[in-house]
Amino acid sequence: MASSFSPEKARVPPAIESPAPPVSQFKIALCQLAVTADKEKNIAHARVAIEEAAEKGAKLVVLPEIWNSPYSNDSFPVYAEDIDAGTDSSPSTAMLSEVARLLKITIVGGSIPERCGDKLYNACRVFGTDGKVKAKHRKIHLFDINIPGKIIFEESRTLTAGETPTIVDTDVGRIGIGICHDICFQELAMIYAARGAHLLCYPRAFHIASGPVHWELLQRARAVDNQLHVATCSPARDALSVYVAWGHSTLVGPFGEVLATTECDEATIISEIDYSLLELRRTNLRLQKQRRGDLYSLVDVQRLNSE
């Protein structure tokens, strides 16, 4: 009966089988950083956190969303860096490149405001163990919210939305990258899963108004929907800032189980990722074989147009 469901047609183009990861187990660090108005201090502070995580055995380090700048529309233009113009124009990414090379680790560099011509983006760089940029993700879904009496915030006032899903092969596996509000859209995670991702990383800065309801729910949903690991990293909470982050950086396993988390203060989570759980969970619950390609399909427009 299952074969008549045409599960292979539920992904257009057909899903790519996850490649064998280069490692089966490794330590991941989620650095929940306190962010100040002093960019140089933020950069130096992030470097120390990365170095301490590497000393504890982390092979993959994830930083928060907007870690070099206050999270506000007024700050984005002031703190923005021209990431593609070289190290002098982007001290934040220059530091990440250097420390990745020196420590031989992979870094998902959270996100910073990026200036490109007359546009601003919320952008994440991924650095390999050689210090070279392996990928850049620009936040695809901008965060516009209006909860009367709690929060009104519109990223679209200053930022431009990215256009490209980002998946990258690294020394610790194939990683799909999203930034904060990107996690609210299951289609993006499904595209990454269909491209063979082992892990999804979301630098995030959920507000305290939405965090209690949505933070853990969304990342556990993305993990269990796609049967892979999900890692999120938030800035630490600053109750005096314009935008008050929820915190609670978290690692979730492929069955939706919370493997590690923290509260709202500055902290670094060091936890183990075991990729053998991916095959185990996919054997326990064979979602890939049960999809109804005869009734629905997810279209990966970028892949479809490239073929």
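Owing to the predicted nature of the structure, the values given are computational and were not obtained by experimental measurement. Residues take their numbers from the sequence shown, with the count starting at 1.
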> Do Asp84 and Lys136 pass the salt bridge (Lys or Arg N to Asp or Glu O under 4.0 Å) test, and can you show the C-alpha distance, the side-chain angles, and the key distance before you say yes or no?
Replying inline: CA-CA 10 Å; Asp84 295 324; Lys136 178 175 72 176; 3.1 Å; yes
Can [Y] be reached from [X] by stepping across I, L, V, M, F, W or Y side chains whose heavy atoms are under 4.5 Å apart?
{"X": "Leu60", "Y": "Leu251", "value": "yes"}
{"X": "Tyr243", "Y": "Leu33", "value": "no"}
{"X": "Ile112", "Y": "Ile179", "value": "no"}
{"X": "Ile66", "Y": "Val244", "value": "no"}
{"X": "Tyr275", "Y": "Val62", "value": "yes"}

Are [X] and [Y] close enough that some pair of their side-chain heavy atoms sits under 4.5 Å apart?
{"X": "Cys116", "Y": "Tyr121", "answer": "yes"}
{"X": "His229", "Y": "Pro254", "answer": "yes"}
{"X": "Arg222", "Y": "Gln186", "answer": "yes"}
{"X": "Arg204", "Y": "Trp215", "answer": "yes"}
{"X": "Arg125", "Y": "Val133", "answer": "yes"}

>> Which label fits Tyr71 and Phe76: parallel for a plane angle under 30°, tilted from 30 to 60°, or perpendicular past 60°?
In response: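 It falls in the perpendicular class, over 60°.
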> Between Phe185 and His181, how do the two ring planes meet: parallel, tilted or perpendicular, split at 30° and 60°?
Replying inline: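 Judged by the thresholds at 30° and 60°, the geometry between Phe185 and His181 is perpendicular.
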Please name the pair of heavy atoms, one in [X] and one in [Y], separated by the smallest distance, quoted to 0.1 Å.
{"X": "Ala80", "Y": "Glu114", "result": "CB-C, 4.2 Å"}
{"X": "Leu285", "Y": "Phe255", "result": "CB-CE1, 4.4 Å"}
{"X": "Ser156", "Y": "Leu142", "result": "CA-CD1, 3.8 Å"}
{"X": "Pro235", "Y": "Ala205", "result": "CD-CB, 3.7 Å"}

Does one side chain, of [X] or [Y], offer a donor that lies under 3.5 Å from an acceptor on the other?
{"X": "Ser72", "Y": "Asp74", "result": "no"}
{"X": "Gln32", "Y": "Arg237", "result": "no"}
{"X": "Glu155", "Y": "Asn73", "result": "no"}
{"X": "Glu187", "Y": "Tyr192", "result": "no"}
{"X": "Gln219", "Y": "Thr232", "result": "yes"}
{"X": "Asp294", "Y": "Ser6", "result": "no"}
{"X": "Glu65", "Y": "Ser111", "result": "no"}

Salt bridge check, [Y] against [X]: does any charged N sit closer than 4.0 Å to a carboxylate O?
{"X": "Asp300", "Y": "Arg195", "result": "yes"}
{"X": "Asp182", "Y": "Arg138", "result": "no"}
{"X": "Arg47", "Y": "Glu51", "result": "yes"}

>> Does atom NZ (Lys39) have a neighbourhood of more than 12 heavy atoms from anything else shown, all under 6.0 Å?
In response: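 Buried by this count: over 12 neighbours within 6.0 Å.
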>> With a 3.5 Å distance limit and no angle check, can you tell me whether Thr283 reaches the backbone of Glu279 through a side-chain donor-acceptor pair?
In response: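 Checked: pair present.
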>> Using salt bridge (Lys or Arg N to Asp or Glu O under 4.0 Å), reason through Arg115 and Asp82 one step at a time and then give a plain yes or no.
In response: CA-CA 5 Å; Arg115 185 179 300 281; Asp82 188 341; over 6 Å; no
> Name the one of Cys233, Ser234, Ser249 that satisfies side chain to side chain contact (heavy atoms under 4.5 Å, CB included) with Pro64?
Replying inline: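 Running side chain to side chain contact (heavy atoms under 4.5 Å, CB included) over Cys233, Ser234, Ser249 with Pro64 returns exactly one hit, Cys233.
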